[in-house]
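This is the structure I have questions about; it appears just below.
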2 protein chains.
Amino acid sequence: MDTAPLKPMRADAVKNRAKILEAARIELELHGTECSLDMIAKRAGVGPGTLYRHFPTREDLLGELLHTWVTGVQADADAATGEHWDDVLDWLVRLADQAMTYRGLAGTMAATESDESSPLRSAHAAVLDANDQVFTRASLAGVIGSSFDTAEICRLVTGVAMIAEQADLSAAQLRSMLAIILNGLTQESPHR
Amino acid sequence: MDTAPLKPMRADAVKNRAKILEAARIELELHGTECSLDMIAKRAGVGPGTLYRHFPTREDLLGELLHTWVTGVQADADAATGEHWDDVLDWLVRLADQAMTYRGLAGTMAATESDESSPLRSAHAAVLDANDQVFTRASLAGVIGSSFDTAEICRLVTGVAMIAEQADLSAAQLRSMLAIILNGLTQESPHR
DNA sequence: ACCTGAACACCGTTCAAGT
DNA sequence: ACCTGAACACCGTTCAAGT
(Lines give C-alpha, C1' and ligand atoms only; values in the text may rest on other atoms or scores of the structure.)
Protein backbone atom coordinates (compact mmCIF):
# COMPACT_ATOMS: atom_id res chain seq x y z
CA MET A 1 0.00 0.00 0.00
CA ASP A 2 2.87 2.31 -0.78
CA THR A 3 1.66 4.06 -3.92
CA ALA A 4 -1.72 3.84 -5.59
CA PRO A 5 -2.12 0.29 -6.89
CA LEU A 6 -3.64 0.89 -10.34
CA LYS A 7 -3.37 3.31 -13.21
CA PRO A 8 0.33 3.94 -13.70
CA MET A 9 0.99 7.59 -14.40
CA ARG A 10 2.21 8.82 -17.72
CA ALA A 11 5.93 9.47 -17.87
CA ASP A 12 5.56 13.25 -18.15
CA ALA A 13 3.10 13.30 -15.28
CA VAL A 14 5.52 11.43 -13.04
CA LYS A 15 8.26 13.89 -13.90
CA ASN A 16 6.02 16.93 -13.37
CA ARG A 17 4.84 15.66 -10.04
CA ALA A 18 8.40 15.29 -8.83
CA LYS A 19 9.32 18.74 -10.11
CA ILE A 20 6.35 20.26 -8.30
CA LEU A 21 7.22 18.59 -5.03
CA GLU A 22 10.81 19.77 -5.17
CA ALA A 23 9.73 23.29 -6.07
CA ALA A 24 7.17 23.27 -3.27
CA ARG A 25 9.76 22.17 -0.74
CA ILE A 26 11.95 25.12 -1.67
CA GLU A 27 9.11 27.63 -1.64
CA LEU A 28 7.86 26.34 1.69
CA GLU A 29 11.30 26.75 3.18
CA LEU A 30 11.55 30.27 1.80
CA HIS A 31 8.05 31.57 2.46
CA GLY A 32 6.22 29.12 4.69
CA THR A 33 2.98 27.23 4.24
CA GLU A 34 1.21 30.30 2.82
CA CYS A 35 3.65 30.62 -0.05
CA SER A 36 2.29 31.43 -3.50
CA LEU A 37 1.11 28.41 -5.46
CA ASP A 38 1.83 30.36 -8.61
CA MET A 39 5.47 30.60 -7.58
CA ILE A 40 5.64 26.86 -7.00
CA ALA A 41 4.24 26.23 -10.48
CA LYS A 42 6.67 28.72 -12.01
CA ARG A 43 9.65 27.21 -10.18
CA ALA A 44 8.58 23.76 -11.28
CA GLY A 45 8.19 24.97 -14.85
CA VAL A 46 4.59 23.89 -15.19
CA GLY A 47 1.30 25.68 -15.69
CA PRO A 48 -0.92 26.39 -12.69
CA GLY A 49 -3.44 23.86 -13.96
CA THR A 50 -0.86 21.09 -13.71
CA LEU A 51 -0.22 21.87 -10.09
CA TYR A 52 -3.95 21.69 -9.39
CA ARG A 53 -4.27 18.41 -11.23
CA HIS A 54 -1.65 16.77 -9.03
CA PHE A 55 -2.57 18.53 -5.80
CA PRO A 56 -6.14 19.86 -5.69
CA THR A 57 -5.50 21.73 -2.43
CA ARG A 58 -2.59 23.35 -0.68
CA GLU A 59 -2.90 20.78 2.06
CA ASP A 60 -2.59 17.87 -0.35
CA LEU A 61 0.77 19.27 -1.34
CA LEU A 62 1.85 19.85 2.25
CA GLY A 63 0.67 16.41 3.29
CA GLU A 64 2.85 14.84 0.63
CA LEU A 65 5.89 16.78 1.78
CA LEU A 66 5.28 15.78 5.38
CA HIS A 67 5.88 12.11 4.61
CA THR A 68 9.63 12.59 4.94
CA TRP A 69 9.06 15.02 7.81
CA VAL A 70 7.32 12.29 9.77
CA THR A 71 10.44 10.17 9.56
CA GLY A 72 12.38 12.86 11.38
CA VAL A 73 9.78 13.12 14.12
CA GLN A 74 9.85 9.37 14.65
CA ALA A 75 13.64 9.42 14.79
CA ASP A 76 13.47 12.16 17.43
CA ALA A 77 11.09 10.07 19.50
CA ASP A 78 13.29 7.00 19.18
CA ALA A 79 16.20 9.06 20.50
CA ALA A 80 14.31 9.87 23.69
CA THR A 81 14.70 7.35 26.48
CA GLY A 82 12.27 9.15 28.75
CA GLU A 83 14.29 7.91 31.70
CA HIS A 84 14.93 11.38 33.03
CA TRP A 85 12.93 14.54 33.19
CA ASP A 86 15.43 16.33 30.97
CA ASP A 87 15.18 13.61 28.34
CA VAL A 88 11.47 14.30 28.08
CA LEU A 89 12.05 18.05 27.92
CA ASP A 90 14.58 17.54 25.15
CA TRP A 91 11.98 15.59 23.24
CA LEU A 92 9.42 18.37 23.61
CA VAL A 93 11.98 20.88 22.34
CA ARG A 94 12.74 18.73 19.32
CA LEU A 95 9.04 18.26 18.62
CA ALA A 96 8.45 22.01 18.77
CA ASP A 97 11.41 22.54 16.46
CA GLN A 98 9.96 20.07 14.02
CA ALA A 99 6.66 21.95 14.12
CA MET A 100 8.62 25.02 13.04
CA THR A 101 10.27 23.34 10.05
CA TYR A 102 8.19 25.55 7.77
CA ARG A 103 6.72 28.85 8.85
CA GLY A 104 3.01 28.33 9.43
CA LEU A 105 3.29 24.56 9.81
CA ALA A 106 2.29 24.53 13.46
CA GLY A 107 -0.75 26.66 12.70
CA THR A 108 -1.80 24.50 9.78
CA MET A 109 -1.49 21.35 11.86
CA ALA A 110 -3.50 22.92 14.67
CA ALA A 111 -6.22 23.95 12.25
CA THR A 112 -6.53 20.44 10.78
CA GLU A 113 -6.14 18.57 14.06
CA SER A 114 -9.66 17.24 14.27
CA ASP A 115 -10.35 16.98 10.54
CA GLU A 116 -10.56 13.25 9.92
CA SER A 117 -10.28 13.64 6.17
CA SER A 118 -7.37 16.05 6.14
CA PRO A 119 -4.34 15.16 4.00
CA LEU A 120 -2.35 15.84 7.18
CA ARG A 121 -4.07 13.03 9.02
CA SER A 122 -1.15 10.62 8.82
CA ALA A 123 1.22 13.33 9.97
CA HIS A 124 -0.98 13.99 12.99
CA ALA A 125 -1.20 10.32 13.79
CA ALA A 126 2.57 10.01 13.59
CA VAL A 127 3.10 12.91 15.98
CA LEU A 128 0.60 11.55 18.51
CA ASP A 129 2.16 8.12 18.24
CA ALA A 130 5.69 9.44 18.68
CA ASN A 131 4.76 11.51 21.72
CA ASP A 132 2.88 8.62 23.23
CA GLN A 133 5.94 6.41 22.94
CA VAL A 134 8.12 8.90 24.77
CA PHE A 135 5.61 9.55 27.54
CA THR A 136 4.88 5.88 27.99
CA ARG A 137 8.58 5.30 28.58
CA ALA A 138 8.65 8.31 30.92
CA SER A 139 5.74 6.88 32.82
CA LEU A 140 7.44 3.51 33.21
CA ALA A 141 10.52 5.34 34.47
CA GLY A 142 8.43 7.16 37.03
CA VAL A 143 9.12 10.57 35.54
CA ILE A 144 5.43 11.17 35.00
CA GLY A 145 2.25 9.62 36.31
CA SER A 146 0.39 6.95 34.39
CA SER A 147 -2.39 9.19 33.18
CA PHE A 148 -1.46 11.73 30.52
CA ASP A 149 -3.36 13.07 27.54
CA THR A 150 -1.12 12.76 24.50
CA ALA A 151 -3.35 14.89 22.31
CA GLU A 152 -3.36 17.65 24.90
CA ILE A 153 0.41 17.54 25.26
CA CYS A 154 0.84 17.80 21.50
CA ARG A 155 -1.54 20.74 21.44
CA LEU A 156 0.46 22.52 24.11
CA VAL A 157 3.68 21.96 22.20
CA THR A 158 2.03 23.17 19.01
CA GLY A 159 0.83 26.27 20.82
CA VAL A 160 4.32 27.01 22.06
CA ALA A 161 5.67 26.47 18.56
CA MET A 162 3.14 28.94 17.21
CA ILE A 163 4.11 31.74 19.57
CA ALA A 164 7.81 30.99 19.25
CA GLU A 165 7.40 31.37 15.51
CA GLN A 166 5.22 34.48 15.61
CA ALA A 167 7.19 36.28 18.31
CA ASP A 168 10.51 35.03 16.99
CA LEU A 169 11.57 33.65 20.36
CA SER A 170 15.03 32.33 21.16
CA ALA A 171 15.77 28.66 21.74
CA ALA A 172 16.16 29.41 25.45
CA GLN A 173 12.76 31.06 25.63
CA LEU A 174 11.17 28.15 23.80
CA ARG A 175 12.78 25.66 26.16
CA SER A 176 11.75 27.63 29.21
CA MET A 177 8.11 27.58 28.19
CA LEU A 178 8.17 23.87 27.49
CA ALA A 179 9.82 23.31 30.87
CA ILE A 180 6.91 25.06 32.57
CA ILE A 181 4.47 22.86 30.72
CA LEU A 182 6.36 19.66 31.48
CA ASN A 183 6.58 20.73 35.08
CA GLY A 184 2.83 21.23 35.11
CA LEU A 185 2.39 17.75 33.65
CA THR A 186 4.76 15.94 35.99
CA GLN A 187 3.63 17.51 39.26
CA GLU A 188 0.38 16.52 40.82
CA SER A 189 -1.96 19.44 41.13
CA PRO A 190 -2.80 19.97 44.82
CA HIS A 191 -5.82 22.07 43.98
CA ARG A 192 -9.49 21.15 43.88
CA MET B 1 -3.46 63.60 25.91
CA ASP B 2 -6.72 62.06 24.87
CA THR B 3 -6.85 62.95 21.19
CA ALA B 4 -4.24 64.68 19.06
CA PRO B 5 -3.88 68.22 20.39
CA LEU B 6 -3.69 70.25 17.16
CA LYS B 7 -5.26 70.34 13.74
CA PRO B 8 -8.94 69.62 14.30
CA MET B 9 -10.28 67.32 11.62
CA ARG B 10 -12.75 68.41 9.04
CA ALA B 11 -16.33 67.46 9.83
CA ASP B 12 -16.59 64.90 7.01
CA ALA B 13 -13.29 63.34 8.04
CA VAL B 14 -14.49 62.88 11.61
CA LYS B 15 -17.64 61.26 10.39
CA ASN B 16 -15.81 58.98 7.94
CA ARG B 17 -13.34 57.91 10.57
CA ALA B 18 -16.18 56.87 12.88
CA LYS B 19 -17.95 55.03 10.08
CA ILE B 20 -14.75 53.15 9.23
CA LEU B 21 -14.18 52.09 12.83
CA GLU B 22 -17.70 50.81 13.21
CA ALA B 23 -17.51 48.94 9.91
CA ALA B 24 -14.15 47.49 10.87
CA ARG B 25 -15.50 46.26 14.19
CA ILE B 26 -18.26 44.39 12.40
CA GLU B 27 -15.96 42.91 9.76
CA LEU B 28 -13.44 41.87 12.39
CA GLU B 29 -16.15 40.09 14.32
CA LEU B 30 -17.36 38.37 11.18
CA HIS B 31 -14.07 37.47 9.51
CA GLY B 32 -11.25 38.07 11.96
CA THR B 33 -8.15 40.22 11.75
CA GLU B 34 -7.45 39.14 8.17
CA CYS B 35 -10.78 40.46 6.92
CA SER B 36 -10.84 42.32 3.63
CA LEU B 37 -10.03 46.01 3.89
CA ASP B 38 -12.10 46.54 0.77
CA MET B 39 -15.12 45.17 2.56
CA ILE B 40 -14.56 47.53 5.49
CA ALA B 41 -14.42 50.48 3.11
CA LYS B 42 -17.55 49.28 1.31
CA ARG B 43 -19.43 48.76 4.55
CA ALA B 44 -18.36 52.21 5.74
CA GLY B 45 -19.44 53.69 2.41
CA VAL B 46 -16.07 55.26 1.64
CA GLY B 47 -13.46 54.73 -1.03
CA PRO B 48 -10.44 52.55 -0.30
CA GLY B 49 -8.21 55.63 -0.36
CA THR B 50 -10.13 57.13 2.55
CA LEU B 51 -9.55 54.07 4.65
CA TYR B 52 -5.83 54.27 3.94
CA ARG B 53 -5.73 57.96 4.74
CA HIS B 54 -7.14 57.35 8.22
CA PHE B 55 -5.39 54.05 8.88
CA PRO B 56 -2.25 53.48 6.80
CA THR B 57 -1.93 49.88 7.96
CA ARG B 58 -4.23 47.12 9.08
CA GLU B 59 -2.59 47.27 12.49
CA ASP B 60 -3.35 50.96 12.91
CA LEU B 61 -6.99 50.08 12.53
CA LEU B 62 -6.79 47.14 14.91
CA GLY B 63 -4.85 49.16 17.46
CA GLU B 64 -7.59 51.75 17.49
CA LEU B 65 -10.27 49.13 18.06
CA LEU B 66 -8.28 47.60 20.89
CA HIS B 67 -8.61 50.73 23.00
CA THR B 68 -12.00 49.62 24.24
CA TRP B 69 -10.79 46.03 24.35
CA VAL B 70 -8.11 47.00 26.82
CA THR B 71 -10.77 48.27 29.19
CA GLY B 72 -12.28 44.82 29.33
CA VAL B 73 -8.93 43.20 30.04
CA GLN B 74 -8.29 45.60 32.89
CA ALA B 75 -11.74 44.93 34.31
CA ASP B 76 -11.02 41.18 34.20
CA ALA B 77 -7.79 41.72 36.08
CA ASP B 78 -9.51 43.86 38.68
CA ALA B 79 -12.02 41.08 39.24
CA ALA B 80 -9.25 38.64 40.13
CA THR B 81 -8.26 38.62 43.80
CA GLY B 82 -5.45 36.15 43.23
CA GLU B 83 -6.08 34.82 46.72
CA HIS B 84 -6.67 31.29 45.55
CA TRP B 85 -5.22 29.13 42.84
CA ASP B 86 -8.58 28.91 41.10
CA ASP B 87 -8.89 32.69 41.04
CA VAL B 88 -5.67 32.90 39.12
CA LEU B 89 -6.78 30.16 36.75
CA ASP B 90 -10.05 31.98 36.16
CA TRP B 91 -8.06 35.06 35.25
CA LEU B 92 -5.94 33.12 32.74
CA VAL B 93 -9.10 31.73 31.18
CA ARG B 94 -10.59 35.21 30.85
CA LEU B 95 -7.36 36.54 29.38
CA ALA B 96 -7.28 33.75 26.81
CA ASP B 97 -10.92 34.44 25.98
CA GLN B 98 -10.11 38.11 25.46
CA ALA B 99 -7.29 37.10 23.12
CA MET B 100 -9.90 35.27 21.08
CA THR B 101 -12.26 38.23 20.78
CA TYR B 102 -11.47 38.40 17.08
CA ARG B 103 -10.20 35.46 15.08
CA GLY B 104 -6.49 35.98 14.50
CA LEU B 105 -6.08 38.48 17.33
CA ALA B 106 -3.84 36.24 19.43
CA GLY B 107 -1.60 35.60 16.43
CA THR B 108 -1.37 39.27 15.55
CA MET B 109 -0.49 40.18 19.11
CA ALA B 110 2.17 37.47 19.23
CA ALA B 111 3.67 38.69 15.98
CA THR B 112 3.94 42.29 17.20
CA GLU B 113 4.98 41.46 20.74
CA SER B 114 8.50 42.79 20.50
CA ASP B 115 7.84 45.55 17.97
CA GLU B 116 8.33 48.74 19.94
CA SER B 117 6.68 50.87 17.29
CA SER B 118 3.64 48.70 16.72
CA PRO B 119 0.22 50.34 16.97
CA LEU B 120 -0.59 47.47 19.32
CA ARG B 121 2.06 48.57 21.79
CA SER B 122 -0.38 50.07 24.28
CA ALA B 123 -2.54 46.97 24.10
CA HIS B 124 0.49 44.81 24.88
CA ALA B 125 1.48 47.03 27.77
CA ALA B 126 -2.02 46.86 29.18
CA VAL B 127 -2.06 43.07 29.04
CA LEU B 128 1.33 42.77 30.72
CA ASP B 129 0.27 45.25 33.36
CA ALA B 130 -3.01 43.49 34.04
CA ASN B 131 -1.38 40.10 34.35
CA ASP B 132 1.33 41.51 36.58
CA GLN B 133 -1.29 42.88 38.92
CA VAL B 134 -3.00 39.54 39.30
CA PHE B 135 0.21 37.59 39.79
CA THR B 136 1.55 40.11 42.25
CA ARG B 137 -1.58 39.61 44.32
CA ALA B 138 -1.23 35.86 43.93
CA SER B 139 2.35 36.08 45.08
CA LEU B 140 1.39 38.06 48.18
CA ALA B 141 -1.25 35.46 48.91
CA GLY B 142 1.35 32.72 48.65
CA VAL B 143 -0.31 31.07 45.67
CA ILE B 144 2.80 31.50 43.58
CA GLY B 145 6.46 32.25 44.33
CA SER B 146 7.84 35.73 44.17
CA SER B 147 9.67 35.27 40.89
CA PHE B 148 7.50 35.00 37.81
CA ASP B 149 8.01 36.25 34.27
CA THR B 150 4.89 38.17 33.28
CA ALA B 151 5.87 38.35 29.62
CA GLU B 152 6.41 34.60 29.52
CA ILE B 153 3.07 33.92 31.19
CA CYS B 154 1.31 36.15 28.67
CA ARG B 155 3.07 34.35 25.84
CA LEU B 156 1.92 30.99 27.15
CA VAL B 157 -1.66 32.21 27.40
CA THR B 158 -1.43 33.64 23.89
CA GLY B 159 -0.12 30.32 22.63
CA VAL B 160 -3.00 28.47 24.21
CA ALA B 161 -5.43 30.98 22.72
CA MET B 162 -3.91 30.40 19.30
CA ILE B 163 -4.38 26.62 19.36
CA ALA B 164 -7.78 26.89 20.97
CA GLU B 165 -8.80 29.11 18.10
CA GLN B 166 -7.19 27.07 15.32
CA ALA B 167 -8.30 23.69 16.64
CA ASP B 168 -11.66 25.00 17.79
CA LEU B 169 -11.25 23.66 21.30
CA SER B 170 -13.96 23.61 23.94
CA ALA B 171 -13.92 25.85 27.00
CA ALA B 172 -13.06 22.80 29.11
CA GLN B 173 -10.09 21.93 26.92
CA LEU B 174 -8.86 25.51 27.06
CA ARG B 175 -9.16 25.58 30.84
CA SER B 176 -7.39 22.26 31.20
CA MET B 177 -4.38 23.49 29.24
CA LEU B 178 -4.17 26.67 31.26
CA ALA B 179 -4.41 24.64 34.46
CA ILE B 180 -1.36 22.64 33.39
CA ILE B 181 0.54 25.83 32.73
CA LEU B 182 -0.48 27.42 36.02
CA ASN B 183 0.45 24.22 37.79
CA GLY B 184 3.85 24.37 36.13
CA LEU B 185 4.23 27.94 37.30
CA THR B 186 3.13 27.42 40.88
CA GLN B 187 5.12 24.28 41.62
CA GLU B 188 8.82 24.43 42.14
CA SER B 189 10.66 22.40 39.58
CA PRO B 190 12.76 19.73 41.37
CA HIS B 191 14.85 19.22 38.28
CA ARG B 192 18.22 20.75 37.58
C1' DA C 1 -7.84 69.01 3.61
C1' DC C 2 -10.12 65.32 2.33
C1' DC C 3 -12.53 62.12 -0.83
C1' DT C 4 -13.21 59.26 -5.01
C1' DG C 5 -12.49 55.62 -7.90
C1' DA C 6 -9.71 54.05 -11.61
C1' DA C 7 -5.54 51.54 -12.11
C1' DC C 8 -1.98 48.22 -11.11
C1' DA C 9 0.03 44.09 -9.22
C1' DC C 10 -0.58 39.76 -7.33
C1' DC C 11 -2.77 35.56 -6.40
C1' DG C 12 -6.07 31.43 -6.32
C1' DT C 13 -8.84 28.80 -9.30
C1' DT C 14 -11.08 27.15 -13.49
C1' DC C 15 -11.48 25.47 -18.04
C1' DA C 16 -11.36 25.35 -23.14
C1' DA C 17 -8.01 24.16 -26.26
C1' DG C 18 -4.35 21.54 -27.33
C1' DT C 19 -1.05 17.08 -27.64
C1' DA D 1 -4.34 11.24 -19.97
C1' DC D 2 -2.14 15.15 -19.22
C1' DC D 3 -0.57 19.94 -20.08
C1' DT D 4 -0.98 24.92 -21.21
C1' DG D 5 -2.16 29.40 -20.47
C1' DA D 6 -5.81 32.65 -20.93
C1' DA D 7 -9.49 34.25 -18.14
C1' DC D 8 -11.96 35.55 -14.03
C1' DA D 9 -12.56 37.07 -9.34
C1' DC D 10 -10.70 39.10 -5.41
C1' DC D 11 -7.76 41.90 -2.80
C1' DG D 12 -4.11 45.34 -1.21
C1' DT D 13 -2.25 49.65 -2.45
C1' DT D 14 -1.42 53.96 -4.93
C1' DC D 15 -2.47 58.26 -6.99
C1' DA D 16 -4.37 61.70 -10.25
C1' DA D 17 -8.42 64.13 -10.36
C1' DG D 18 -11.81 66.25 -8.05
C1' DT D 19 -14.42 69.30 -4.16
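Letters A, B, ... mirror the listed sequences (proteins, then strands); counts begin at 1. Everything numeric in this text was worked out from a predicted model, so none of it was measured.
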Handout entry: Any donor-acceptor N/O pair, R137(B) side chain to E83(B) backbone, under 3.5 Å
Key = no

Handout entry: No-hydrogen, no-angle side-chain donor-acceptor test under 3.5 Å, Q133(A) and D129(A)
Key =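 A pair is found: one side chain offers a donor N or O, the other an acceptor, under 3.5 Å apart.
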
Exercise for the section: In whole angstrom, give the distance that lies between atom CG of D12(B) and atom P of dC2(C). Expected result: 8 Å

Problem - Test item: L178(A) and L89(A) side chains (from C-beta on) under 4.5 Å apart, heavy atoms - result: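 L178(A) reaches L89(A) side chain to side chain.
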
Practice task
Report yes or no: do W91(A) and N131(A) form a side-chain donor-acceptor pair below 3.5 Å?
Solution key: yes

Exercise for the section: Round to the nearest Å and state the distance from I20(B) atom CD1 to dT4(C) atom C1'. Expected result: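 Between C1' of dT4(C) and CD1 of I20(B): 13 Å.
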
Exercise for the section: Would you kindly give the NZ-to-P distance between K19(A) and dC2(D), to the nearest whole Å? Expected result: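 K19(A) atom NZ is separated from dC2(D) atom P by 15 Å.
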
Practice task
Ignoring backbone atoms, test whether H54(A) places a side-chain nitrogen or oxygen under 4.0 Å from the OP1 or OP2 oxygen of dC2(D).
Solution key: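 No, no such contact exists.
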
Exercise for the section: Report the residues that fulfil salt bridge (Lys or Arg N to Asp or Glu O under 4.0 Å) with R175(B), sequence neighbours left out, ordered by chain and then residue number. Expected result: D90(B)

Practice task
Look at the side chain of T136(B) and the backbone N and O of D132(B), then say whether any donor-acceptor pair between them is shorter than 3.5 Å.
Solution key: yes

Problem - Among dC2(D), dT4(C), dC2(C), the one nearest V46(B) by side-chain distance - result: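 Taking heavy atoms from C-beta onward, the closest nucleotide is dT4(C).
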
Practice task
Please determine if K19(A) and E22(A) form a salt bridge, counting it only when a charged side-chain N lies under 4.0 Å from a carboxylate O.
Solution key: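 No, this pair does not count.
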
Exercise for the section: Please tell me if the side chains of L169(B) and M177(B) come closer than 4.5 Å, counting only heavy atoms from C-beta onward. Expected result: yes

Exercise for the section: Determine, for nucleotides 6-19 of chain C in 5'-to-3' order, which nucleotides have protein heavy atoms under 4.0 Å from the base (write B), from only the sugar-phosphate (write S), or from neither (write -). Expected result: B----SSBBB----

Handout entry: Range-with-range stems of DNA chain C (Watson-Crick or G-U pairs under 3.5 Å, three or more in a row)
Key =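 DNA chain C forms these stems: C:4-8 with D:12-16, C:12-16 with D:4-8.
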
Exercise for the section: Compare side-chain N and O positions of N16(B) against OP1 and OP2 of dC2(C) and report whether any pair is under 4.0 Å apart. Expected result: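 No, N16(B) has no side-chain N/O under 4.0 Å of OP1/OP2 on dC2(C).
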
